[in-house]
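Values below: every heavy atom of this structure, side chains too, minus hydrogens, waters and symmetry copies.
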Amino acid sequence: KFSCTIETDDQLQTDEIMVPPMLIQPFLENAIWHGAIPGKDLQINIRFKKEDNRLVCFVEDNGLGIETSINNKKEMQADHHSIGIANVKERIQVLNEKYKLNSELSIEDRSKTSRETGTIVKLYFPLQSMAS
């Protein structure tokens, strides 16, 4: 069982926002399939925020955390690697090169900065005006 919230910053203008398709979805899927703790309701929060001249998309959950999840997979399969995350990193690199963007990805285990478990994914995209 899980719940999901989506919040958007009031400062964001729809004509500034250009998010490449299918970059957020793998992180939602990972949270649901790999991060859920048995017996605990999974909470996924998606936030879109304007920081400086960039759109930041936060995908946060209260699951196991990425480090625990990766360690669990390594114990079950010695040769496991995350295809979804690797694909997103590759797509961001290609988009940055092709369109001269400065998009970034960061993935953090919440337990490193707080007493809470879970994962925080941050995707950074430049804001662009459609008028220019």
Side-chain angles (χ1 to χ4, degrees):
K1 181 176 176 182
F2 73 92
S3 60
C4 183
T5 60
I6 301 174
E7 300 174 35
T8 56
D9 190 333
D10 291 338
Q11 294 181 7
L12 289 169
Q13 303 294 319
T14 56
D15 64 345
E16 294 180 311
I17 301 170
M18 298 178 81
V19 178
M22 300 302 291
L23 286 184
I24 298 169
Q25 180 272 338
F27 300 108
L28 301 172
E29 189 173 296
N30 281 352
I32 293 167
W33 290 111
H34 307 295
I37 298 172
K40 181 179 179 183
D41 290 352
L42 181 66
Q43 174 65 44
I44 302 171
N45 299 312
I46 305 164
R47 291 183 294 129
F48 295 93
K49 183 177 179 185
K50 184 175 184 175
E51 283 185 6
D52 299 321
N53 200 31
R54 299 198 302 176
L55 169 68
V56 185
C57 174
F58 298 86
V59 179
E60 300 180 58
D61 68 65
N62 66 341
L64 292 170
I66 190 164
E67 289 185 13
T68 300
S69 179
I70 288 171
N71 288 336
N72 289 347
K73 286 181 207 154
K74 284 181 182 175
E75 289 176 12
M76 294 189 312
Q77 293 178 309
D79 63 345
H80 176 79
H81 64 281
S82 175
I83 295 171
I85 293 173
N87 285 345
V88 170
K89 287 179 179 179
E90 184 177 323
R91 287 189 62 216
I92 287 173
Q93 181 181 351
V94 168
L95 290 167
N96 283 343
E97 290 172 7
K98 184 173 182 176
Y99 298 107
K100 309 230 183 305
L101 302 177
N102 190 21
S103 300
E104 296 176 51
L105 167 67
S106 89
I107 305 171
E108 303 167 16
D109 198 290
R110 290 177 72 181
S111 65
K112 292 203 175 252
T113 57
S114 74
R115 292 181 169 195
E116 299 176 21
T117 62
T119 302
I120 301 173
V121 175
K122 298 176 190 170
L123 290 155
Y124 298 86
F125 303 103
L127 289 174
Q128 301 175 352
S129 174
M130 299 295 276
S132 55

Can you measure from [atom1] ([X]) to [atom2] ([Y]) and round to the nearest 0.5 angstrom?
{"X": "Leu55", "Y": "Glu16", "atom1": "CG", "atom2": "CD", "value": "9.0 Å"}
{"X": "Leu12", "Y": "Asp15", "atom1": "CG", "atom2": "CG", "value": "10.5 Å"}
{"X": "Leu23", "Y": "Leu105", "atom1": "CG", "atom2": "CG", "value": "9.0 Å"}
{"X": "Glu104", "Y": "Asn96", "atom1": "CD", "atom2": "CG", "value": "8.5 Å"}
{"X": "Ile120", "Y": "Ile107", "atom1": "CD1", "atom2": "CD1", "value": "12.0 Å"}
{"X": "Ile70", "Y": "Asp109", "atom1": "CD1", "atom2": "CG", "value": "9.0 Å"}

Close side-chain approach of Asp9 and Val56, heavy atoms under 4.5 Å: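 They are not in contact (no side-chain heavy atoms under 4.5 Å apart), so the answer is no.
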Answer yes or no: is there a side-chain heavy-atom contact under 4.5 Å between Cys57 and Ile24?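 Contact flag for Cys57/Ile24 side chains = yes.
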Polar side-chain atom of [X] near backbone of [Y] as donor-acceptor pair, under 3.5 Å:
{"X": "Thr117", "Y": "Gly63", "answer": "yes"}
{"X": "Asp61", "Y": "Ala31", "answer": "no"}
{"X": "Thr119", "Y": "Ile66", "answer": "yes"}

Heavy-atom closest contact (Pro20 atom, Arg91 atom, distance):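 So the two residues come closest at CB-NH2, 4.4 Å.
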If I compare all heavy atoms of Ser103 with all of Pro126, which pair ends up nearest, and what's the gap?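 So the two residues come closest at OG-CD, 3.6 Å.
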[X] atom [atom1], over 12 foreign heavy atoms within 6.0 Å:
{"X": "Lys40", "atom1": "NZ", "result": "yes"}
{"X": "Tyr99", "atom1": "OH", "result": "no"}
{"X": "Tyr124", "atom1": "OH", "result": "yes"}

Look at the side-chain heavy atoms of Ile, Leu, Val, Met, Phe, Trp and Tyr, link any pair under 4.5 Å apart, and say whether [X] and [Y] land in one connected group.
{"X": "Leu42", "Y": "Val59", "result": "yes"}
{"X": "Ile37", "Y": "Phe27", "result": "no"}
{"X": "Leu101", "Y": "Ile92", "result": "yes"}
{"X": "Val88", "Y": "Met22", "result": "no"}
{"X": "Phe2", "Y": "Ile6", "result": "yes"}

Indicate every side-chain donor-acceptor pair of residues 46-53 with a distance under 3.5 Å to a residue at least two apart or in another chain.
unit_1: Arg47; atom_1: NE; unit_2: Glu60; atom_2: OE2; d: 3.4
unit_1: Arg47; atom_1: NH2; unit_2: Glu60; atom_2: OE2; d: 2.7

All side chain to side chain contact (heavy atoms under 4.5 Å, CB included) counterparts of [X], not counting sequence neighbours:
{"X": "Thr113", "result": "none"}
{"X": "Asn72", "result": "Leu64, Thr68"}
{"X": "Glu97", "result": "Gln93"}
{"X": "Lys98", "result": "none"}

Contacts of Arg110 that satisfy salt bridge (charged side-chain N to carboxylate O under 4.0 Å, His left out) - sequence neighbours left out: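 For Arg110, the residues satisfying salt bridge (charged side-chain N to carboxylate O under 4.0 Å, His left out) (neighbours in sequence not counted) are Glu116.
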